[in-house]
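Quick notes on the structure that follows.
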2 protein chains.
Amino acid sequence: MTMPPEERLGSHLKRAEQELMAAKTAAVRPAGLTVPQYAALLALSGSPGISSAGLARACLVTPQAMTVLLRNLEEAGLVERSPHPWHKGLLEIHLTESGRGALARADGRAVLVERALAEEFSPEERDRLVDMLGRCARVLSTLR
Amino acid sequence: MTMPPEERLGSHLKRAEQELMAAKTAAVRPAGLTVPQYAALLALSGSPGISSAGLARACLVTPQAMTVLLRNLEEAGLVERSPHPWHKGLLEIHLTESGRGALARADGRAVLVERALAEEFSPEERDRLVDMLGRCARVLSTLR
DNA sequence: TGGCGACCATCAATGCTTTGATAGCGTCCT
DNA sequence: AGGACGCTATCAAAGCATTGATGGTCGCCA
């Protein structure tokens, strides 16, 4: 209507992110994982025993989305949930052995994608890109 | 595991895109549209009579995703589908009056988001950002 | 102690997206 | 003419994500 797509920064941003998702999806798929599942397992490995809500915050999704995701992971035997020692109603989440294996397999290939992406740029360019992306996120979040 | 999140360009890219989606979702919601619906209506307004498959290509989604999306738009009375004059089985898609109205309302607010984003950067920065995002998409697509 | 507010977990409805499979129609080439 | 190939459209199943609503638990504080 009033603004051509090539002028919309959002179009370019979306396109890049779409390719990123496609590449990562292909990377983690052989491990039997989806990208969100991989992200959750990765966060979980860094914070064992974290709650579902905490994991949701770490992965930048809603608690509801994480509930669904965790149910799938639990049914696949990749994570376990156990009641919190003194806080009734809370659940601690832990990786299973099988979960650790799947994460390791997925991570190896996912890191290759990140490395290929990083190697496209010089260190100065990387810094500039990270800075600009951060500014995008900041200005957009103020609009919300 | 082997690579901290802050070093992963993908994390920053994803974060920025997530904020973009949130801002756009909030922008087009008052018009009763979702972001993908808005994108489809926008593409449709530029190519009246385009097929579902063509629209899917224009929006960078699969034909199946577009079928679902169009069904919702058709049920909402925002688009119409009519059989192709001589090619049986093909369907031409057109905006309805109501669809044009919703698009106009959504577009006005969506453009504000794009403008706020654009104004965060100088023209030189914008060019650099677009260039770098294009390089991201290119290198990632070769991995696929 | 009683209550209020914050947080956690979960159900339900809706929508987008993907992969996989099926089926019709056209075009081009043998 | 017949057949292969390609494009279109659609169904089905599964996962991810959102909003909205519910019910349970803790902790602080009047």
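Per chain, numbering begins at 1; letters A, B, ... match sequence-line order. FYI, side chains are in, hydrogens and waters are out, and symmetry mates aren't considered; it's all heavy atoms of this structure.
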- Query: Could you state the CG-P distance from A:L70 to D:dC16, rounded to the nearest angstrom?
  - Reply: 10 Å
- Task: Take A:R29 and B:N72, find for each the nucleotide of DNA chain C with the closest heavy atom, and name the residue whose nucleotide sits nearer the 5' end.
- Result: B:N72
- Would you call A:T34 and A:N72 a side-chain contact if the rule is heavy atoms closer than 4.5 Å? no
- Could you tell me whether B:T62 contacts a base, only the sugar-phosphate backbone, or nothing, with contacts defined as non-hydrogen atoms closer than 4.0 Å? base
- Message: Rounded to whole Å, how long is the line connecting atom CG of A:L69 with atom P of C:dT17?
- Response: 18 Å
- Message: Just the rounded figure in Å: distance from C1' of D:dC16 to CG of A:L33.
- Response: 14 Å
- Which whole-number value in Å describes the distance from B:I93 CD1 to D:dT8 P? 11 Å
- Query: Do B:M132 and A:R128 have side chains that get closer than 4.5 Å, going by heavy atoms?
  - Reply: yes
- Task: Nearest whole angstrom, please: distance from the C1' of C:dT17 to the CD of B:E17.
- Result: 13 Å
- Report the distance from atom CE of A:M21 to atom P of C:dT19, rounded to the nearest whole Å. 11 Å
- Query: Is it true that a side-chain atom of B:S11 and a backbone atom of B:E6 form a donor plus acceptor pair closer than 3.5 Å?
  - Reply: no
- So, do A:L41 and A:V79 sit near enough that their side-chain heavy atoms are less than 4.5 Å apart? yes
- Do the side chain of B:E114 and the main chain of A:L9 share a donor and acceptor less than 3.5 angstrom apart? yes
- Donor-acceptor contact present, side-chain B:E125 to main-chain B:S122, <3.5 Å: yes
Between the protein and nucleotides 7-13 of chain C, are there any N/O to N/O pairs under 3.5 Å, and if so, what are the atom names and distances?
unit_1: C:dC8; atom_1: OP1; unit_2: A:R57; atom_2: NH2; d: 3.2
unit_1: C:dC8; atom_1: OP2; unit_2: A:R57; atom_2: NH1; d: 3.2
unit_1: C:dA9; atom_1: OP1; unit_2: A:L91; atom_2: N; d: 3.1
unit_1: C:dA9; atom_1: OP2; unit_2: A:S52; atom_2: N; d: 3.3
unit_1: C:dA9; atom_1: OP2; unit_2: A:A53; atom_2: N; d: 2.9
unit_1: C:dT10; atom_1: OP2; unit_2: A:R81; atom_2: NH1; d: 3.3

- Task: Return the value, rounded to whole Å, for the distance between atom NZ of B:K24 and atom P of D:dA17.
- Result: 20 Å
- Task: Could you check how far CG of B:L73 sits from P of C:dG15, rounded to whole Å?
- Result: 11 Å
- Item | Phosphate-side-chain proximity, A:Q37 and D:dC16, N/O vs OP1/OP2 below 4.0 Å | yes
- Query: Checking salt bridge (charged side-chain N to carboxylate O under 4.0 Å, His left out) for the pair B:E92/B:R81: CA distance, chi angles, key distance, verdict?
  - Reply: CA-CA 6 Å; B:E92 282 185 338; B:R81 287 193 279 187; over 6 Å; no
